[in-house]
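The next block holds one structure in the form of structure tokens; read it before the comments.
Values below: every heavy atom of this structure, side chains too, minus hydrogens, waters and symmetry copies. Source: prediction; values computed, not measured.
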Amino acid sequence: MMKKSFLLPALFTAALCAAAPDLDRFFAVPDFRELPPETEILSEKVEDGVRTRSLTFRGADFNGKPTRVFAWYSCPEKPGKYPGVLQIHGAGLTTLDPNPRWAKQGFACLVIDWAGEGKKRKTPRTPPTSVFEEAGGMAARQDGEWHIFGTERDSIRNGVLFARRALEFLRNQPEVDSGRLLAVGSSAGAHLTLLLLGYEPELRAAVVKYGCGYIRDLPGYFGGYFGPLALSPKAEQDEWLGCFDPKQRIGRYKADVLLLSGTDDIFFWMPLVLKTYREMPGVKRLLIRPNDNHQLVGQAETISAAFFRAALTKPFEWPDAPAPVVKEEAEKLRFTVTPAAGPELKQVQLVYKTMPVPFEFRAESKVPWKLAPMVRDGAAWSAELPAVGSEDQLVAYALLEDVHGNSASTDTVEVPQWPRWRGLPGEERRPKLAAGNLLGTDGEFESKRGFNFVNRAAVELSGEYARTGKGACHVFDGDRNFIARGIPARGGRPFKLTGWFRSCEPQGSARLQINWSKQGKLLKFDLKTPKITGEYQQLTLEGVIPEGAENGLLIITSPGGGMYIDDLDYRIGE
């Protein structure tokens, strides 16, 4: 396995940034005539009319060495020509399972493993797996700083190469109709699918479940699945995004695409999903599920199969409508949606959320999205809501369902208009923030939520170490264990963080730090490392948030022998 190398030589980095990469070369793979697959069948069985094989075949060379793709291939036992589906899994794969459900619905399906052996995991994967040498995923931390591994040897690149060779495998199966190739990807696999669409114009349709492009384009929405990038130097980000942001080739898409996601997805954030949808050319549909946080990542075959059938049938029929039109009438808001011609609709619902700015769209929000039925009036559907308060923001969209059970969403509308939601310039709505604790009850540590607990940092619920209630946070053993949480920032305003700290030893030290950033770039940090004792004492970290800051990252560590924390409180003043 290749050793990690985090710091790119300055001249090499400059050369990479000076010219746009040749993406056709970067993601090129040989066909089976140039590089035969050398397929090896590992197992085979026939059950319920489906033939399923586990197998390996040659992938494209990666990092100068041969690779092997492990996959499951299922097809109907009955002779015939079937559409071919490539299924691309998400991150964190442990065991690759076959998916004969596709074959039972009349498709030939290849499920590939692009995760590899996972030698760097605490528990490496059990063979059989795909085999290739890789540096790791995106970026890693070394000596306290984050660095991107490098695009040439990034495992995401190999994932695209594997996917393209997998499509070549499907093209060469006698029972596959090579004119009807399809792809479905989930989470990290959805990101790969969006990349794949830019290089495989023969794909007829794709279902992208929880993925996005335009990764760094909307200020304030850079993070989630791409969080390691946001922590890395901008020059390295530029290189990575030049290769792996699907926006680079989105204008070349030829396939019909269903983009499925959730309002509260913590990995691929809703504004970026919407931006990706807006920029897609051709036939496309959007399905944003309310109050959904990655819930269908390993499911939705019924939705995907229905979309593929629609895409392979002419005329293509699937619900569709533009964003709702809003009109204010006597302290009420009237939303109207006029669906496009197509299948008969069973129902239309207005999905909306109203809350004070900063508007939250991820799962941490305590304000759920609500649904209101829309009433049909001729060709249009409408619903009414109360007018928005002077300090509130409303975001809404329509959810359509046809008589066949197929669903789609419209784009969103904001009341009042909110340019930041779309990544556009415009004056921010900045009402007065509540004077209360912006951490809510999370800082009481009565449960493990709200914070990222790294390594063995944990919540202790015996009550023996709590200041109030039964919960306290145990942080110990230096920088290898810490807790962190993203917090809101308002440039130019004072902030105050308070909390109660207790050393595990007679004396110790606490470390409180807030990193303030804009568009993923660190502006400054506030740091305090006071001495603490074996009795709870209150500590305070306060100052002024730097101008332009959009986000803060609160990090609490114990450089000494460990400590307990309870009753954290964070406030922003006027």
Side-chain angles (χ1 to χ4, degrees), residues 2 15-17 19-35 37 57-69 71 84 86-91 110 112-116 130-138 148-172 181-185 188-204 206 208 211-215 225-226 229 236-255 257 276 279-281:
M2 298 181 68
L16 286 172
C17 296
D22 180 351
L23 295 179
D24 287 316
R25 178 205 63 80
F26 187 73
F27 289 119
V29 296
D31 61 26
F32 277 9
R33 290 172 296 180
E34 183 180 351
L35 181 65
F57 59 91
R58 279 285 299 270
D61 287 358
F62 184 61
N63 287 329
K65 296 184 179 180
T67 64
R68 298 288 297 179
V69 181
L86 171 61
Q87 180 175 315
I88 308 176
H89 66 77
L110 185 69
I112 64 167
D113 166 17
W114 64 274
S130 291
V131 178
F132 64 96
E133 293 200 9
E134 46 86 20
M138 292 189 200
I148 295 172
F149 289 113
T151 55
E152 287 283 343
R153 58 201 191 97
D154 195 304
S155 59
I156 292 176
R157 176 176 177 239
N158 189 64
V160 177
L161 302 183
F162 269 21
R164 299 196 71 183
R165 285 285 285 181
L167 286 177
E168 182 69 4
F169 179 93
L170 284 172
R171 288 187 187 98
N172 284 273
L181 295 179
L182 314 160
V184 56
H191 175 230
L192 289 184
T193 303
L194 288 169
L195 289 169
L196 184 67
L197 285 165
Y199 300 90
E200 292 288 347
E202 294 181 10
L203 279 170
R204 289 284 298 275
V208 178
C212 71
Y214 297 88
I215 295 164
Y225 173 68
F226 303 105
L229 301 179
E236 296 177 21
Q237 293 176 18
D238 293 342
E239 179 201 347
W240 195 97
L241 294 169
C243 296
F244 298 122
D245 190 331
K247 76 171 187 178
Q248 306 297 347
R249 302 283 286 234
I250 198 169
R252 302 191 184 192
Y253 286 10
K254 300 296 183 183
V257 181
T276 304
E279 300 300 329
M280 284 182 180

Looking only at non-hydrogen atoms, find the nearest pair between Pro21 and Gly242 and report the distance.
CG-O, 3.7 Å

For Gly213, does its backbone N or O pair with a side-chain atom of Asp245 as donor and acceptor, under 3.5 Å?
no

Glu202 meets the side chain to side chain contact (heavy atoms under 4.5 Å, CB included) criterion, sequence neighbours left out, with Arg171

Would you compute the distance between atom CD1 of Ile250 and atom CG of Leu197 and round it to the nearest 0.5 angstrom?
9.0 Å

Which heavy atom in Leu35 sits nearest to a heavy atom in Gly59, and how many Å separate them?
CD2-O, 3.5 Å

Salt bridge (Lys or Arg N to Asp or Glu O under 4.0 Å) involving Arg204 - partner list, sequence neighbours excluded
none

Check ion pair Glu152-Arg25 (N to O, under 4.0 angstrom):
yes

Quick one: do Val208 and Thr276 satisfy side-chain contact (heavy atoms from CB on, under 4.5 Å)? Show the steps, please.
CA-CA 11 Å; Val208 178; Thr276 304; over 6 Å; no

CZ/Arg249 to CG/Asp24 distance, rounded to the nearest 0.5 angstrom?
4.5 Å

If you define the side chain from C-beta out and look only at heavy atoms, does anything of Thr151 sit under 4.5 Å from Arg157?
no

Of all the heavy-atom pairs spanning His89 and Ala115, show the shortest one and how long it is.
NE2-N, 3.6 Å

Not counting sequence neighbours, which residues clear ring pair (Phe, Tyr, Trp, His ring centres under 6.0 Å) with Phe57? List them please.
Phe169

What heavy-atom pair brings Ala255 and Ala206 nearest, and what distance separates the two atoms?
CB-N, 4.5 Å

So, do Lys254 and Leu203 sit near enough that their side-chain heavy atoms are less than 4.5 Å apart?
no

Steps toward side-chain contact (heavy atoms from CB on, under 4.5 Å) verdict (Glu239, Ile148)
CA-CA 9 Å; Glu239 179 201 347; Ile148 295 172; over 6 Å; no

Give a yes or no answer on whether the side chain of Ser130 reaches the backbone of Asp113 with a donor-acceptor pair at less than 3.5 Å.
yes

Suppose we screen for side chain to side chain donor-acceptor pair (under 3.5 Å). Which residues come up paired with Gln237, at least two apart in sequence or across chains?
Arg216

Which distance, rounded to the nearest 0.5 Å, do you find between the CG of Asp61 and the CD of Glu133?
11.5 Å

From CG (Asp154) to CG (Asn63), nearest 0.5 Å
10.0 Å

What residues form a ring pair (Phe, Tyr, Trp, His ring centres under 6.0 Å) with Phe26, not counting sequence neighbours?
Phe244

Side-chain (Thr67) to main-chain (Ala60) donor-acceptor, under 3.5 angstrom:
yes

Can you name the residues that form a side chain to side chain donor-acceptor pair (under 3.5 Å) with Arg165, not counting sequence neighbours?
none

Close side-chain approach of Leu23 to Gln248, heavy-atom, < 4.5 Å
yes

Tell me, please, which residues at least two apart from Phe226 pass ring pair (Phe, Tyr, Trp, His ring centres under 6.0 Å).
His191, Phe268

Tyr199: ring pair (Phe, Tyr, Trp, His ring centres under 6.0 Å) partners, not counting sequence neighbours
Phe27

Sequence-distant partners of Arg33, side chain to side chain contact (heavy atoms under 4.5 Å, CB included), two or more places apart:
Asp31

Sequence-distant partners of Ala188, side chain to side chain contact (heavy atoms under 4.5 Å, CB included), two or more places apart
Ala91, Trp114, Tyr225

Exercise: identify the closest heavy-atom pair between Ala71 and Leu110:
CB-CD1, 3.7 Å

Is any side-chain heavy atom of Leu86 closer than 4.5 Å to one of Leu181?
no

Please report the interatomic distance CG(Leu192) to CG(Asn158), rounded to the nearest 0.5 Å.
10.0 Å

For the CG atom of Leu195 and the SG atom of Cys243, what is their distance to the nearest 0.5 Å?
10.0 Å

Sorted by chain and residue number, the salt bridge (Lys or Arg N to Asp or Glu O under 4.0 Å) partners of Arg252 (sequence neighbours excluded) come out as none

Counting C-beta onward and ignoring hydrogens, is there a side-chain heavy-atom pair between Lys65 and Val131 closer than 4.5 Å?
no

Sequence neighbours excluded, which residues qualify as salt bridge (Lys or Arg N to Asp or Glu O under 4.0 Å) partners of Arg68?
Glu38

